[in-house]
Number of protein chains: 2
Amino acid sequence: MQTTPSFSPLYQQIKALILRSLQAGEWKPAEAIPSEMELATRYSVSQGTVRKAVDELAAENLLMRRQGKGTFVATHSARHVQTRFLRLVSDQNNAETLEQAERVERTITTCNRQRATADIAKALKLKTGDSVVYIQRVLTYKNASGVSTPTILEDIWLAGNPFKGLNLERLAESKAPMYAMFEAEFGVNMVRADEQIRAVNPTQEQAALLQVKTDTPLLRVERIAYTYNDTPIEVRTGLYRTDTRHYRNELQ
Amino acid sequence: MQTTPSFSPLYQQIKALILRSLQAGEWKPAEAIPSEMELATRYSVSQGTVRKAVDELAAENLLMRRQGKGTFVATHSARHVQTRFLRLVSDQNNAETLEQAERVERTITTCNRQRATADIAKALKLKTGDSVVYIQRVLTYKNASGVSTPTILEDIWLAGNPFKGLNLERLAESKAPMYAMFEAEFGVNMVRADEQIRAVNPTQEQAALLQVKTDTPLLRVERIAYTYNDTPIEVRTGLYRTDTRHYRNELQ
DNA sequence: CAGTGGTCTAGACCACCAA
DNA sequence: TGGTGGTCTAGACCACTGC
């Protein structure tokens, strides 16, 4: 054992190897990866070393462990993690709301291919003018009384290359959350995101889409989302109404 | 070894014992706790079991490990963790800004003892009418050109009991961040917090204190902060100007 | 140099799951 | 029943710190 080519702990090297396999798509989302013993023999290390590598990947939400069953590649399709990246929740955040799976309607208002502006290109680590997919959509929540409230307006820019063939039709016919669809249809797994939050007023057009007045304070949430290896792949600007909902955060 | 009175992993029991010692103040913030070997003999378990318990406490930011030196009780006084609970950062978030330690001026506008309202009491797990300390303050940032901008307005309610003797003078004379002072003077260590974020407009009074117009959109950040064992001990409502700063968040 | 945390191993046993 | 992850141990060695 103990190959140590460059100097880093063995388990970090194993972690990098597993990461590479994930990235290469050797194991797809929701599939099981080989057992700890198999990985140990494959990499010629002890089970404990594999365990530590897998522990870290599980802590970063790239893998999911299930005792007695195996270790699985994280997926956005699993029921309880669909809202992993959506921090806007109802003010009466009761079990009820979670049970009812929050009837959300997604309306795509725009979907086309564009040339990246300097800002977008920089955030996605592309060159200005490179092809990107632009999407605008509105999320509308329906409460128990049947009242519909447009609540979230999103402008989304996706790196063009990984999303060849994405268009309005394919978006519209997908009923799954967007990240679950990206994963299933394009093999793009969102793993991490940074957000910057500000309070703003909407423009005329934005106000119309959210059915609010232009002097309504809204949250503007600017997100950059990453796949494996810190590769930025999506820029997303969300406008959130916070009259009956709030952005929740836990500080540790 | 292997006592297992109730059923939970040994390392969880060890973790609970260490937590109890922290809570009881056996080891003060910034002090070293006993070495892993000492703890192992003290609790009659192997070093590996202690290690796993300490690992989890370190992951939760209750302990800090330093190779070759020891394991230390987390503190809000340490230079690089002073802003652990303040997520509002400059838009040009460069090294410079961090270096310069962001000249902040804290102005206490109010400090008195009050009877808890129903809302505050509930959040702090007290009874309506119990004694609480109320503080209002303004944080003003000074940039390199010497321009001062009042940026954060905070209303703070503290559980009365742990903060006996806290008054305007003691607050005013403390130059350290508030949580560092709480820790040093009252033995209260903030460990975790939940925040709810909305976009709002300020009232007349709030607008005056932040030197903005009443139609300026602001972030309202409602925080409940906890000590050991998930005991709520502070309710804090912040109003943040986001014209040159933003609330940053990392999603995983 | 001695003492601390960090890594790695090998092996035992437990808890959970499915067939 | 056999396979999976989860716990626990004992011992070896490494890397960092400070005297």
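In what follows, every chain begins at residue 1, and chains take the letters A, B, ... in the order their sequences are listed.
- Contact annotation: T49(A) reaches the phosphate of dT9(C) (side-chain N/O to OP1 or OP2, under 4.0 Å).
- If you measure from atom CG of L63(B) to atom P of dT4(C), you get 16 Å, rounded to the nearest angstrom.
- Taking atom CZ of R51(A) as the reference point, atom P of dA10(C) lies 16 Å away to the nearest angstrom.
- Every side chain to side chain donor-acceptor pair (under 3.5 Å) that R236(A) has, sequence neighbours left out, goes to E154(A), E234(A).
- Between S46(B) and dC8(D) there is no side-chain N or O to OP1 or OP2 distance below 4.0 Å.
- Ion pairing between D230(A) and R192(A) holds under the 4.0 Å rule for side-chain N and carboxylate O.
- When the P atom of dT7(C) is taken as reference, atom CD of Q13(A) falls 12 Å away, rounded to whole Å.
- Within residues 17-28 of chain B, no residue has any heavy atom closer than 4.0 Å to DNA chain D.
- Only Q67(B), G68(B), K69(B), listed by number, bring a heavy atom of residues 64-75 of chain B to less than 4.0 angstrom from any atom of DNA chain D.
- With sequence neighbours excluded, the residues forming a side-chain contact (heavy atoms from CB on, under 4.5 Å) with E183(A) are P29(A), T75(A), H76(A), S77(A), N189(A), listed by chain and number.
- For the pair L39(A) CG and dG3(D) C1', the interatomic distance rounds to 15 Å; values are reported in whole Å.
- The CD atom of E31(B) sits 16 Å away from the P atom of dT4(C) (whole-angstrom rounding).
- Atoms CD (Q12(A)) and C1' (dC14(D)) sit 16 Å apart, rounded to a whole Å.
- Annotation: the terminal axes of the helix from dC1(C)-dG18(D) to dA18(C)-dT1(D) meet at 10°, where each axis is the rotation carrying the C1' atoms of four end pairs onto the next four (5 pairs per end, rounded to 10°).
- The listed nucleotides are dG6(C), dT9(C), dT7(D); the one nearest the side chain of L10(A) is dT9(C).
- Distance CD (E56(A)) to C1' (dG6(C)): 12 Å, rounded to an integer number of Å.
- Distances shorter than 4.0 Å separate some side-chain N or O of K52(A) from OP1 or OP2 on dT7(C).
- Both E38(B) and Y11(A) sit near DNA chain C, but only E38(B) has its closest nucleotide nearer the 5' end.
- Evaluation of the side chain to side chain donor-acceptor pair (under 3.5 Å) rule for K175(B) yields no partner, not counting sequence neighbours.
- The side chain of E36(A) approaches dG6(D) more closely than any other nucleotide in the set dG6(C), dC8(D), dG6(D).
- Residues forming a side chain to side chain donor-acceptor pair (under 3.5 Å) with E56(B) (at least two apart in sequence, or on another chain): K15(B).
- When each of dT4(C), dT9(D), dT7(D) is scored by its nearest atom to the side-chain atoms of S35(B), the top-ranked nucleotide is dT4(C).
- Salt-bridge formation is detected for the pair E222(B)/R198(B): a Lys NZ or Arg NE/NH1/NH2 atom is positioned less than 4.0 Å from an Asp or Glu carboxylate oxygen.
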Show me the donor-acceptor pairs within less than 3.5 Å that the side chains of residues 63-71 of chain B make with the rest of the protein, sequence neighbours left out.
| unit_1 | atom_1 | unit_2 | atom_2 | d |
| --- | --- | --- | --- | --- |
| R65(B) | NH1 | D55(B) | OD1 | 2.4 |
| R65(B) | NH2 | E36(B) | OE2 | 2.0 |

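- For E26(B), the side chain to side chain donor-acceptor pair (under 3.5 Å) test picks out S21(B), R42(B), with sequence neighbours left out.
- No donor-acceptor distance shorter than 3.5 angstrom exists from the side chain of T83(A) to the backbone of L86(A), with no hydrogens or angles considered.
- By the salt bridge (charged side-chain N to carboxylate O under 4.0 Å, His left out) test, R170(B) is found to be paired with E185(B), residues two or more places apart in sequence or in another chain being considered.
- Residue whose closest nucleotide on DNA chain C sits further toward the 5' end, between Q47(A) and M37(B): M37(B).
- Under the side-chain contact (heavy atoms from CB on, under 4.5 Å) criterion, E169(A) pairs with N167(A), not counting sequence neighbours.
- Partners of F186(B) by ring pair (Phe, Tyr, Trp, His ring centres under 6.0 Å), not counting sequence neighbours, listed by chain and number: F163(B).
- We find that NZ of K15(A) is positioned 16 Å from P of dG6(C), with the value rounded to whole Å.
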